[in-house]
Participant: 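I'd like to ask some things about the structure below.
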Amino acid sequence: MKSPVVKRSIVVKGHKTSVSLEEAFWTGMKEIAAECNRTLSELTSEIDSQRQQGNLSSAIRLFVLDHFKTRAASGRDAASKHKLHVAA
């Protein structure tokens, strides 16, 4: 059985390291990096510099989760405001 975790090499702050993530998180990271006009290495370096504990893979998962939760919440807020505006 193939592991759902994919290990990739990435450059973080000028140093090559390996990061193991599920494919969905790699896809999320690529999407976020494209939205921010950053490379995957730049985004990963930023996440690495801001993490306070835990390993890099965990920090990336939490970052991706937070990004999409925030985006979903702002989408709900916009939809609610639109419904209120239309109803008024």
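The first residue of the sequence shown is numbered 1, and numbering continues consecutively from there.
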Participant: On a heavy-atom basis, which atom in W26 and which in V19 lie closest, and how many Å separate them?
Facilitator: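 Scanning both residues, the minimum pair turns out to be CZ2-O, 3.3 Å.
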Participant: Please name all residues satisfying side chain to side chain contact (heavy atoms under 4.5 Å, CB included) with S9, sequence neighbours left out, ordered by chain then number.
Facilitator: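 Partners of S9 under the side chain to side chain contact (heavy atoms under 4.5 Å, CB included) test: K16, S18.
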Participant: Strictly distance-based, threshold 3.5 Å: is any side-chain N or O of Q50 a donor or acceptor partner for the main-chain N or O of I47?
Facilitator: no
Participant: So do R61 and L65 actually touch side chain to side chain, heavy atoms under 4.5 Å?
Facilitator: no
Participant: Can you tell me if S45 uses its side chain to pair, donor with acceptor, with the backbone of K13 under 3.5 Å?
Facilitator: yes
Participant: Please walk me through it: do E35 and K30 pass salt bridge (charged side-chain N to carboxylate O under 4.0 Å, His left out)?
Facilitator: CA-CA 9 Å; E35 287 174 10; K30 290 175 190 173; over 6 Å; no
Participant: When you compare the side chain of L62 with that of R51, does any pair of heavy atoms fall below 4.5 Å?
Facilitator: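 Result no, sub-4.5 Å side-chain heavy-atom pair not found.
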Participant: Quick check: does any side chain N or O of S41 sit under 3.5 Å from a backbone N or O of V11, one acting as donor and the other as acceptor?
Facilitator: yes
Participant: Taking side chain as C-beta onward, heavy atoms only, is L21 less than 4.5 Å from V5?
Facilitator: no
Participant: To the nearest 0.5 Å, how far apart are OG1 in T44 and CD1 in I10?
Facilitator: 3.5 Å
Participant: Any side-chain heavy atom of F25 sitting closer than 4.5 Å to one from V6?
Facilitator: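 They are not in side-chain contact.
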Participant: Do I60 and M29 touch side chain to side chain, with heavy atoms closer than 4.5 Å?
Facilitator: yes
Participant: State, to 0.1 Å, how close A33 and L43 come at their nearest heavy-atom pair, and which atoms those are.
Facilitator: N-CD2, 3.7 Å
Participant: Is T27 reaching over with its side chain to a backbone N or O of E23, donor-acceptor style, under 3.5 angstrom?
Facilitator: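 Yes.
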Participant: Would you mind reporting whether H67 and E31 have side-chain heavy atoms less than 4.5 Å apart?
Facilitator: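 No, their side chains stay 4.5 Å or more apart.
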